[in-house]
Amino acid sequence: AGNKTQSDCLFAYYVSDFDIHGNDLRNFLSLELPSYMIPNDFIHIDKIPLTLNGKIDFNKIVDVNCNKTSLLIVPTNDQELKLVYIWSEILSIESSKISIEISFFALGGNSLKVIMLIFKINEEFDIELSIKEIFMNNTIKSLSALIDEKVEWETYLLYQELKGLDDSSYLDLIKEE
């Protein structure tokens, strides 16, 4: 069950014997749903209130203001901080309100903004990201880990290339730079 309180805010109520962290629900739903259909927030309720006719009684469900950063987790390193600033610029959100564990799409990202994000990240970190990689790594935390992997892989490939050169070829390569 869901309800829109703002044009870009989707939240869901769920019934469970225990409280489930929103990121766990988001990750589960992302396996089956496109990102724009995944709620910004999840509200745990004991039971779904029903009218006498057996339909959902929306008047008895607590109305929620959309809180896009319900749990603010701050950057832990310079790379995450750079990503926060990039997201802030693209999404027009204050950097102090961006959590590293909230999805780019939950904060208002869309396919057009993904293109802008890829361009900025590729430029800032000198790597090549694809659209698919952004959709699969849509939090700053997971995106930062992906960037680390890509940088390590590119460094490894460069090392292998340089390792195969003899001294004169290596000096020629340095002179070209």
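All heavy atoms count here, side chains included; hydrogens, waters and symmetry mates do not.
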For I127 and K150 the tightest heavy-atom approach is CD1-CD, 4.2 Å

Going by an N to O cut-off under 4.0 Å, is there a salt bridge joining K120 and E89?
-> yes

E101-T139 side chain donor-acceptor pair, cut-off 3.5 Å | no

Which heavy-atom pair separates E133 from L146 by the least distance, and what is that distance?
-> CB-CD2, 3.7 Å

Going by side-chain heavy atoms closer than 4.5 Å, which hydrophobic residues are tied to M136, directly or by a chain of links?
-> none

Only counting residues at least two apart or in another chain, list the ones meeting side chain to side chain donor-acceptor pair (under 3.5 Å) with E128.
-> none

Does atom NZ of K113 have more than 12 heavy-atom neighbours from other groups under 6.0 Å away?
-> yes

Give, for atom OG of S103 and atom CD1 of I140, the distance between the pair rounded to the nearest 0.5 Å.
-> 10.5 Å

Who passes side-chain contact (heavy atoms from CB on, under 4.5 Å) against K55, sequence neighbours left out?
-> T51

So which heavy atom on V15 is nearest to which on D46, and how close?
-> CG1-O, 3.3 Å

Just by modelled atom types, is the D19 backbone N or O under 3.5 Å from a matching donor or acceptor in the S16 side chain?
-> no

Roughly how far, to the nearest 0.5 Å, is CG of L107 from OG of S99?
-> 8.5 Å

Identified side-chain contact (heavy atoms from CB on, under 4.5 Å) partner of W87 from the options L143, I93, I102 = L143

Check the pair I115 / I131 against side chain to side chain contact (heavy atoms under 4.5 Å, CB included), numbers first and verdict last.
-> CA-CA 7 Å; I115 303 298; I131 292 172; 3.5 Å; yes

Apart from L81 itself, which Ile, Leu, Val, Met, Phe, Trp or Tyr residues share its cluster (side-chain heavy atoms under 4.5 Å, direct or through members)?
-> Y85

Determine the minimum heavy-atom distance between L29 and P39, stating which atoms define it.
-> CD1-CD, 3.9 Å

Mind checking side-chain contact (heavy atoms from CB on, under 4.5 Å) for D24 and listing every partner two or more places apart, or none if nothing turns up?
-> I20, H21

Using the ring-ring contact (aromatic ring centres under 6.0 Å, His included) rule, collect all pairs that involve residues 114-142, keeping only residues at least two apart or in two chains.
-> F105-F135

Do I45 and I43 come within less than 4.5 Å of each other through their side chains, counting heavy atoms only?
-> yes

Do the side chains of S144 and I100 get nearer than 4.5 Å, heavy atoms only?
-> no

Is there a side-chain contact between F104 and I98 (heavy atoms, below 4.5 Å)?
-> no

Single-linkage hydrophobic cluster L52~I56, side-chain heavy atoms < 4.5 angstrom = no

From CD (E149) to CG (N137), nearest 0.5 Å | 8.0 Å

Point-to-point distance, once rounded to the nearest 0.5 Å, from CD1 of I147 to NZ of K82 = 9.5 Å

Shortest non-hydrogen contact from S95 toward S88 = N-OG, 3.4 Å

The reported gap from CD1 in I73 to NZ in K141 (rounded to nearest 0.5 angstrom) is 6.5 Å

Testing V114, I121, L117 for side-chain contact (heavy atoms from CB on, under 4.5 Å) with L129, which one passes?
-> I121

Does H44 reach the main-chain N or O of Y14 with its side chain, forming a donor-acceptor pair under 3.5 Å?
-> no

Determine whether D57 and L50 make a side-chain contact, defined as any pair of heavy atoms from C-beta on separated by less than 4.5 Å.
-> no

